[in-house]
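Report on the following structure.
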Amino acid sequence: MLLDARGAKDDVWIKPDQVPQVQASHRLVLWEDWAGDSEVQARGVEIPNTLKIGDLLPILGQVELIAIRFGAFTDGRGFSLARLIRAQGYKGTLRATGPLIPDQFAYALRCGFDEVEVPDANANRQPPDVWLRAARSFSANYQRGYATGVNILDQRRLARAGR
Amino acid sequence: MSAAKRPPLPVILLANDLLDGEVVFRSDKGWSRDPGEALIAFDDEAAVALEQAGQRAYANNEVVEVALVDVSLTGDGKPVPNHFRERFKVNGPTVRLDLGKQAVYGRR
Amino acid sequence: MYRYDEFDERFVRERVEQFRDEVARRLDGSLTEDEFRPLRLKNGLYLQLHAYMLRIAIPYGTLSSRQLRQLALIADRYDRGYGHFTTRQNIQFNWPKLRDAPDILGLLADVEMHCIQTSGNCIRNVTADHFAGVAADEIDDPRPVCELIRQWSSAHPEFSYLPRKFKIAVTGALHDRAVVKAHDIGLRMVRDRETSAKGFEVIVGGGLGRTPFVGKVIRDFLPEDELLAYLEAIMRVYNLEGRRDNKYKARVKILVHEIGVEAFREKVEAEYARLDVASINPDPAEVERIAAYFAPPAYEKLPAQSTALDAAMKLNPAFAEWVEINGFEHKAPGYVAVTVSLKGIGEVPGDMTSDQMRHFADLTDRFSLGELRVSHNQNLILPDVKKKDLFPLWQELGKFGLATANVGLITDIIACPGLDYCSLATARSIPIAQAIATRFADPVRQRDIGPLNLNISGCINACGHHHVGHIGILGLEKRGQESYQITLGGDSSEDAAIGDVIGPGLTGDAVPGAIERLVAIYLQERREGEPFIATVKRIGQAPFKAAFQHYVEGLRDHAA
Ligand code: HEM
Ligand code: SF4
């Protein structure tokens, strides 16, 4: 299941193990294949969460989709990697791929992800409405400098200014 | 759990109730809070049956921390775990004898 | 103390509802146990041996009488009428039910409390010097910084799934009462030598547990207003590079140790240099807003000495002893901070009944401006007591068994719950603490022995800080029995040190005798006015080891 902040959506990207029906630019290749193939025409890449940001820099301008693989939902490296990628000015789509849980959805969005792709077994237990509800758990948050949401510190400053 | 990983016989099956956390024992009536009602498995077949009942109950979101525990029998035939850790678990805190199972069902 | 504004209030309420929803999803099976466990831990809910356990945060150890009353109510309504104060300035209830947990969190929210991140692989409850704000040796009150960190770390989008737990402690005093060098990050408030601007010395990679390390300084001086961005840089380096292959090697202390403090510092500084710090740090008005809550109360102008106190001390030696042992110098003349021992002889260290809580809350209102503190030594503190009120306070405390005069002495033992409650334990700790306290109960003898920290943990996780006890006791399992290993020479002060194992493990009943031998060597060897730990440092371990060995052989001969 693929979903973004608005809910479930179709995946237009073709996985390495699928037969391409769409144009080559919507092929999603694994980082190992990308790194080994100088002729890649794909515009999507799936990277391990252990990848160093420095290794990714040369291709940031060429891709439209970066999928970061979460091996386990408890492995939070992908959140920091997403932050580093966004900090480099990457404007394309950022996807979290793996067995994340709905309770992480808001965190993923705030760290700069646009969408999450979870295995079907998880999606069967946790359908899109659960994800959307979980994403709305907090109406505001304390950390400044993260992508989305209402920031409490800035709210307080506004309130002070208005006084 | 393979036979190799199972504790030596006889064994009982204990777990914590998912909703209230209390220690429960597999009995012939399902799960019981009374250690005296624990089913005692004296052979592999009975141990496997206990184990499977535990797995089913875990999958069913009834219990957590399911474990087979090797026991010895007291004079009146009641099971007492051999290891001190599980002995505390079926009794309660040794520093608060007024709390835990020992306060309700007696110390063993 | 800090009071929630509308944002804090809403945040905590939303957290309660979030957890209620998570519990419901666990019960209907949409969250598996493996998925649910980290969520319940981040709300302070463990599963122990006999039941669930709920760990409630007491941020930087500051609590109001109203909050203490609410804890008493929760203890009665949802638990068994008592709570356990821990070495991390939390309180634990040992018998709550999962089904009740959301309602308990609601009752906590009613008094501006929560269990957020008191467990799990995230940034934990921030701890501080328990005498913050009143200590005479203080450079600055660390609590506003702690509150800033508390808010910043709550439900952090990036740092809620770290390799392992992460603990931050702050001290603003010369004398370190917050054990900052045994934390993942320790912050010491300092002033720049030249400009006298305020800032922090940043210490990283301390920790106890299986592999104890004393933290290392990575920044001598970090300007005060740069803190959050610098913390973000440290956390990001750790989140990306901390080991995840082995949970026993996952703390930041191992990363710092493996790559070296220099390399770690370089990574942090490189990340920090890249950050847009202005977008991360709070504006000064926000810092001031928080700090205002911690402004000193309007102390009465009192003479430094109280004639009423002096007279009462002359008349009543037991009272005088309690004042001398449990009193702590206050920065305001005529005031004193009082430590109230939760280590009554033979009691469970750190336990308090709901009746004691209510009574104590009343005394807090009457004698200490309605505010109390929780110390990492598992005691309580009344920070603002007038000297002239000490005698009536002592009398009232005595009525509920709270007037034990043993703070810092050998019976003021720090002990974790051990195998009486904890499912990770390899042996019990509480009965050992009780036996030692009973053995050394004589007040004259305790005072003669003087300051001595004795710490007990029920397993290698070291929740009882045994590594940094002057005498440490670690409960292990040996051949199907509880066995206790003794360490000597640990130190939790600014001279932090890890104790050395002095010999083979003992059975529980042999432990008090062994402590007796160690104390005897000290009494024999000490110089005038020299405390236990100083004698150990001066004469070394050898004489103690020899006496211990002799004792162990005696036990063997006896058994043979
Ligand atoms: C009762 C259930 C408890 C459990 C399951 C538990 C679990 C743990 C574990 C697994 C560790 C080792 C972490 C590591 O080194 O990575 C640890 C360390 C620690 N715990 Fe506990 N603990 C419990 C209770 C307590 C209590 C009651 C206290 C305070 C008295 C406490 C305070 C600490 C401290 C101070 C450390 C060691 C310092 C450090 O390296 O962070 N814990 N705990
Ligand atoms: S030291 Fe071990 S026994 Fe004691 S509380 Fe911690 S985990 Fe439990």
Side-chain angles (χ1 to χ4, degrees), chain A residues 49-53 70-84 87-88 99-104 106-113 121-122 124-127 130 133-134 136-157 159-161, chain C residues 5-8 10-11 14-15 17-19 21-22 25 28-32 34-39 42 120-122 148 150-163 228-229 232 235-242 244 271 274-283 285-286 289:
Chain A
N49 62 3
T50 47
L51 193 68
K52 296 274 173 283
I53 182 71
F70 281 66
F73 80 97
T74 48
D75 184 343
R77 279 178 285 203
F79 294 118
S80 283
L81 190 52
R83 285 277 288 169
L84 289 177
Q88 292 298 331
L100 280 82
I101 56 175
D103 312 82
Q104 294 175 307
Y107 292 166
L109 295 173
R110 291 180 57 209
C111 284
F113 286 105
N122 293 50
N124 293 342
R125 282 187 284 115
Q126 296 158 349
V130 174
R133 191 171 76 225
R136 286 192 304 265
S137 293
F138 293 101
S139 53
N141 42 65
Y142 286 109
Q143 300 78 23
R144 296 189 67 220
Y146 285 76
T148 62
V150 178
N151 181 266
I152 293 173
L153 273 64
D154 294 332
Q155 292 288 307
R156 284 176 180 149
R157 192 176 46 196
R160 271 193 293 273
Chain C
D5 68 0
E6 62 192 294
F7 298 104
D8 300 315
R10 196 182 314 140
F11 178 83
E14 287 172 345
R15 177 71 168 207
E17 290 319 307
Q18 181 191 40
F19 189 56
D21 184 56
E22 288 164 350
R25 280 187 282 134
D28 73 18
S30 60
L31 280 170
T32 65
D34 286 342
E35 289 169 337
F36 179 63
R37 190 180 304 109
L39 301 176
K42 284 186 178 73
N121 296 335
C122 50
L148 191 65
R150 183 190 74 81
Q151 297 187 18
W152 165 79
S153 62
S154 293
H156 199 291
E158 188 179 347
F159 307 131
S160 289
Y161 291 86
L162 298 169
L228 292 189
E232 185 174 312
M235 297 311 301
R236 187 164 298 125
V237 169
Y238 170 57
N239 192 35
L240 284 168
E241 310 213 6
R244 290 177 188 260
E271 176 60 20
R274 190 192 66 70
L275 290 179
D276 172 15
V277 296
S279 73
I280 299 165
N281 288 319
D283 62 313
E286 169 66 6
R289 182 190 74 86

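Predicted model, so just to flag it, every value in this text is computed and none were measured.
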| query | What heavy-atom pair brings Asp75(A) and Phe70(A) nearest, and what distance separates the two atoms? | reply |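 Result for this residue pair: O-CD2, 3.5 Å.
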| field | Non-hydrogen atoms of Tyr142(A) and Gln151(C) that approach each other most closely | value |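 The pair with the smallest heavy-atom distance is CB-O, 3.1 Å.
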| Which is it for Ser80(A) and Glu158(C) under the side-chain hydrogen bond (donor to acceptor under 3.5 Å, both in side chains) test, yes or no, and what are the steps along the way? | CA-CA 6 Å; Ser80(A) 283; Glu158(C) 188 179 347; 2.6 Å; yes
| In terms of heavy-atom pairs under 4.5 Å, which option from Ala155(C), Pro282(C), Ser154(C) contacts chain A the most? |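 Most heavy-atom pairs under 4.5 Å with chain A: Ala155(C).
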| query | For chain A, which of Met235(C), Glu241(C), Glu22(C), Glu6(C) has the most heavy-atom pairs under 4.5 Å? | reply |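 Of the options given, most contacts go to Glu22(C).
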| side-chain hydrogen bond (donor to acceptor under 3.5 Å, both in side chains) assessment of Arg244(C) paired with Asn121(C) | CA-CA 11 Å; Arg244(C) 290 177 188 260; Asn121(C) 296 335; over 6 Å; no
If you count heavy-atom pairs under 4.5 Å with chain C, which of [options] comes out on top?
options	value
Ala108(A), Gly145(A), Ala140(A), Ser139(A)	Ser139(A)
Thr50(A), Ile101(A), Asp103(A)	Asp103(A)
Asn49(A), Asn151(A), Leu84(A), Val150(A)	Leu84(A)

Engaged part of [X] at the chain A interface, taking heavy atoms whose separation is under 4.5 Å:
X	value
Glu271(C)	side chain
Glu286(C)	both
Thr32(C)	both
Asp21(C)	side chain
Leu240(C)	both
Ala278(C)	backbone
Leu31(C)	both
Arg236(C)	both
Arg25(C)	side chain

| request: Report the C-alpha distance between Asn141(A) and Arg110(A) in whole Å, list the side-chain angles of each, state the deciding distance to 0.1 Å, and finish with yes or no for side-chain hydrogen bond (donor to acceptor under 3.5 Å, both in side chains). | output: CA-CA 10 Å; Asn141(A) 42 65; Arg110(A) 291 180 57 209; 3.1 Å; yes
| field | Point-to-point distance, once rounded to the nearest 0.5 Å, from CZ of Arg144(A) to CG of Asp154(A) | value |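 Arg144(A) CZ to Asp154(A) CG: 4.5 Å, rounded to 0.5 Å.
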| said: Using 30° and 60° as the class boundaries, would you call the ring planes of Tyr161(C) and Phe79(A) parallel, tilted or perpendicular? | reply: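 Rings of Tyr161(C) and Phe79(A): tilted, 30 to 60°.
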With a 4.5 angstrom heavy-atom cut-off, which part of [X] approaches chain C: side chain, backbone, both or neither?
X	value
Asn124(A)	neither
Pro102(A)	side chain
Tyr146(A)	side chain

| message | Salt bridge or not between Arg83(A) and Glu232(C)? Use side-chain N to carboxylate O under 4.0 Å. | response |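 Between Glu232(C) and Arg83(A) there is a salt bridge, with a charged N closer than 4.0 Å to a carboxylate O.
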| query | With a 4.0 Å cut-off, would you call Arg37(C) and Asp34(C) a salt bridge? | reply |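 Salt bridge flag = yes for Asp34(C) with Arg37(C).
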